[in-house]
Amino acid sequence: MKDGRHYSKEDIILISESAIGKSLDEILNSKLIKIGKDKNKGGLGQLIEYYLFDIENNSESEPDFIDAGIELKVTPYKRIQNNQLSAKERLVLNIIDYNTEFANEFRSSHFWYKNNKIQILWYLWTEDGNKYTYKFTNYKLLDLAISEDLKQIESDWNEIITKIKDGRAHEISEADTMYLGACTKGANANSVRTQPFSKIKAKQRAFCFKTSYMTQLVRKYIGDYSNVEKIISDKSKTFIDYVNDVVDKYKGKTQKELLSIFKLDSKAKNINSMLVNRMFNVTGNIGETEEFLKANIIPRTIRIEENGRIKESMPFPTFKYKEIINQKWEDSDLRNTLEETKYMFFVFKMVDDEYVFKGIKLWNMPEIEIDNYVKKVWMKTVDVIKKGSIVKSIDSNGVRTTNFPGMSENLICHVRPHAANAEDTYELPVKDKHTGLNEYTKHCFWINNKYLEKLFSEFL
DNA sequence: GCATGATCATGC
DNA sequence: GCATGATCATGC
């Protein structure tokens, strides 16, 4: 058998090209290969590696194509509601060896050695397909050394390494970083490893390109990318350095001053987010720019009152009763969102009767909080829905009190309505016992305003 | 004053 | 029409 590990870059491209428009079944047929479907348990990636690129399954620390220095990745994308394309999953790279990787520099790291050139082969995932029928549609050689994102990726790598050096590998979260993440990888949450500067065992993790980052690559190289704005044109800066430069320029200015700087005259409710968009000189919303989308960063404006209070809690997207009860906490929408999303809060504080722009806070919820506090709220919510015990009582005005976990039960979050009105509902999987209703007002998880106040105490 | 239910406003 | 960010209203 040929040893595909010695293929050249040109070979790799030719072979990739030969797969375009075909499914695994079609590739095997064209090569007259028959494999017993029952005897292979490998994923599509492994099958392609073996049958298309002639590489034996291995767990080598070298790149798959050793001579060309290229790693092969087979990865899915999908079509979502509004006909847009989206990566189906993050791109998982090499497992992080906590005990050795910290001693390296970025360019001498295991990560760099294995992944600095990645041949991506994309296939279109569909609900009704399987690994033999998904069609390969595109390929692209990612050369990180010349990537416009290199600076940010290096900075992300360093951030992960810093946590290891600080003896905090067990506190690493995928949302800590922008493009390059550290995702959990292992049979289950109990797959743990030792770390060099702490006795606490840390979850096994691998470097990865986040789903949000992969989605932008999919749109750029496969889909339509004409409407996406970029905020940075300078390759020598990381995304976050650029943001800080912009923020420093306007920090300390009052809302009135900013309105005059940007020649805006508006009393709109979203006036602060309009001002933020102007600071970054984009025509749309900064949350829709390439950099924010890649890093899965959601911008939010926060208003702090004179006395330090934050009046309102912060809502998440509504959940569907029928869907949430079929999820497991470990891969629930809420947990995934919190694990993968970073928030960039633009803080406006009331000083002498006027809101002043005080700067930004970049934040993602620590996993310890997600898996302790938020989990409890989620579990109780699912339990209430499953038992059909949503409504606790109805007062004389018809206002209903629910058994969903409230603000006083948990330090971090609670469940409350989030709908156009009480009649704006989703179907229930189980009839509500108290009322007999088959549908109920849309609800969602909210982050408690008190928790937010603590989060922003540095701005007082 | 606070917790909780309810709803508004905007943009796609 | 709907999702989402933002806010209001009421009763204890």
Side-chain angles (χ1 to χ4, degrees), chain A residues 80-84 86 224 226-229 255 264 266-277 282-289 292-293 296-321 323-324 333-334 337-338 341 343-348 350 355 363 377 380-381 384 390-427 432 434-435 437 439-454 456:
Chain A
I80 53 176
Q81 298 92 0
N82 45 15
N83 215 28
Q84 276 205 304
S86 166
D224 177 14
S226 52
N227 292 324
V228 180
E229 280 186 275
Q255 201 181 52
L264 265 176
S266 168
K267 294 208 155 53
K269 275 186 182 163
N270 61 343
I271 185 71
N272 287 341
S273 68
M274 286 166 71
L275 290 174
V276 168
N277 291 333
V282 294
T283 56
N285 183 327
I286 51 165
E288 301 301 319
T289 58
F292 276 77
L293 290 171
N296 205 15
I297 293 177
I298 298 187
R300 291 260 171 136
T301 58
I302 278 278
R303 294 192 313 189
I304 306 180
E305 302 311 311
E306 194 106 47
N307 59 6
R309 298 299 317 278
I310 292 174
K311 284 189 192 158
E312 304 296 344
S313 298
M314 189 179 99
F316 285 102
T318 51
F319 50 77
K320 294 196 169 72
Y321 301 109
E323 286 177 10
I324 195 170
D333 289 341
L334 180 63
T337 301
L338 290 172
T341 312
Y343 292 87
M344 189 180 288
F345 293 104
F346 292 82
V347 180
F348 291 79
M350 184 64 87
Y355 283 112
W363 174 83
V377 172
K380 179 168 178 188
T381 302
V384 166
I390 295 177
V391 177
K392 188 195 282 178
S393 61
I394 305 178
D395 74 8
S396 52
N397 295 322
V399 175
R400 304 167 299 190
T401 306
T402 74
N403 285 309
F404 283 129
M407 213 185 251
S408 43
E409 285 176 55
N410 192 281
L411 289 174
I412 297 184
C413 62
H414 63 279
V415 169
R416 249 166 65 202
H418 194 208
N421 53 47
E423 282 71 49
D424 185 11
T425 59
Y426 281 130
E427 283 179 62
D432 183 61
H434 193 282
T435 57
L437 290 171
E439 50 188 292
Y440 204 76
T441 312
K442 291 173 185 172
H443 275 58
C444 77
F445 295 95
W446 297 69
I447 293 194
N448 300 352
N449 58 337
K450 278 202 172 150
Y451 177 82
L452 293 174
E453 279 170 14
K454 259 186 263 162
F456 290 96

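Naming: A, B, ... by sequence-line order, numbering from 1 per chain.
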(request) Only counting residues at least two apart or in another chain, list the ones meeting salt bridge (Lys or Arg N to Asp or Glu O under 4.0 Å) with A/E323. (result) none
(request) Check the distance between C/dC2's P and A/K320's NZ and give it to me in whole angstrom. (result) 10 Å
(request) Rounded to 10°, tell me the angle between the two end axes of the helix from B/dG1-C/dC12 to B/dC12-C/dG1, each built from five pairs. (result) 20°
(message) Can you measure A/Y343 atom OH to C/dT4 atom P for me and round it to whole angstrom units?
(response) 11 Å
(request) For A/H418, answer base if it contacts any base atom (sugar-phosphate contacts may also be present), sugar-phosphate if it contacts only those atoms, and nothing otherwise; contact means non-hydrogen atoms under 4.0 Å. (result) base
(message) With a 6.0 Å cut-off (strictly less than), is the heavy-atom count around CD of A/E439, excluding the residue itself, greater than 12?
(response) yes
(request) Not counting sequence neighbours, which residues clear side-chain contact (heavy atoms from CB on, under 4.5 Å) with A/E288? List them please. (result) A/N285, A/L293
(request) Just call it for A/S273: base, sugar-phosphate, or nothing, with non-hydrogen atoms closer than 4.0 Å on any strand. (result) nothing
(request) Mind checking A/F404 for me? I need base, sugar-phosphate or nothing, with any heavy atom below 4.0 Å counting as a touch. (result) nothing
(request) Kindly say if A/R303 contacts the phosphate of C/dT7, meaning a side-chain N or O under 4.0 Å from OP1 or OP2. (result) yes
(request) Would you state whether a donor and an acceptor, one from the side chain of A/R400 and one from the base of B/dG5, lie under 3.5 Å apart? (result) no
(message) Does B/dA3 have its OP1 or OP2 closer than 4.0 Å to a side-chain nitrogen or oxygen of A/S313?
(response) no
(message) What contact category does A/T402 fall into here, base, sugar-phosphate, or nothing, at under 4.0 angstrom with non-hydrogen atoms?
(response) sugar-phosphate
(message) Just to verify, which of A/Y440, A/F445, A/Y426 counts as forming a ring pair (Phe, Tyr, Trp, His ring centres under 6.0 Å) with A/F319?
(response) A/F445
(request) Could you list the residues that satisfy salt bridge (Lys or Arg N to Asp or Glu O under 4.0 Å) with A/K380, not counting sequence neighbours? (result) A/E409
(request) Round to a whole Å and report the spacing from CZ of A/F346 to C1' of C/dA6. (result) 17 Å
(message) Using only atom types and a distance under 3.5 Å, with no angle test, would you say the side chain of A/N277 pairs donor to acceptor with the backbone of A/I286?
(response) yes
(request) Using the salt bridge (charged side-chain N to carboxylate O under 4.0 Å, His left out) rule, collect all pairs that involve residues 411-424 of chain A, keeping only residues at least two apart or in two chains. (result) A/D424-A/K442
(request) Please identify each residue that fulfils side-chain contact (heavy atoms from CB on, under 4.5 Å) with A/L411, with sequence neighbours left out. (result) A/Y373
(request) Please state how far atom CZ in A/R300 lies from atom C1' in C/dG5, giving the value in whole angstrom units. (result) 6 Å
(request) Give the rounded distance in Å between these two atoms: CG of A/N421 and P of C/dA3. (result) 14 Å
(request) State whether A/Y440 places a side-chain N or O below 4.0 Å from either non-bridging phosphate oxygen (OP1 or OP2) of B/dG5. (result) no
(request) Spell out, as yes or no, whether a donor-acceptor pair under 3.5 Å connects the side chain of A/S313 to the backbone of A/N449. (result) yes
(request) Find the distance A/I394:CD1 to B/dT4:C1' and express it as a whole number of Å. (result) 16 Å
(request) Could you pull out all residues at least two apart from A/T435 that satisfy side-chain contact (heavy atoms from CB on, under 4.5 Å)? (result) A/V391, A/I394, A/D432, A/L437
(message) Using the side-chain hydrogen bond (donor to acceptor under 3.5 Å, both in side chains) criterion, which residues pair with A/E312? Sequence neighbours excluded.
(response) none
(request) May I ask you to list the residues of residues 442-454 of chain A, by number, that have any heavy atom positioned under 4.0 Å from an atom of DNA chain B? (result) A/W446, A/K450
(message) Quick check on DNA chain C: between A/R416 and A/Y426, whose nearest nucleotide comes earlier from the 5' end?
(response) A/Y426
(request) Give one of base, sugar-phosphate or nothing for A/A420, where a contact means two heavy atoms less than 4.0 Å apart. (result) base
(request) List in chain and number order the residues that pass ring-ring contact (aromatic ring centres under 6.0 Å, His included) with A/F348, two or more places apart in sequence or in another chain; answer none if no residue qualifies. (result) A/F357
Which pairs, protein N/O on one side and nucleotides 9-12 of chain C N/O on the other, fall under 3.5 Å?
residue, atom, partner, partner atom, Å
C/dG11, OP1, A/N397, ND2, 3.2

(request) Please state how far atom CE in A/M314 lies from atom C1' in C/dT7, giving the value in whole angstrom units. (result) 15 Å
(request) Figure out the CG/P separation between A/N277 and C/dG5, and round it to whole Å. (result) 14 Å
(request) For A/D333, check side-chain contact (heavy atoms from CB on, under 4.5 Å) against everything at least two apart and list the hits. (result) A/Q327
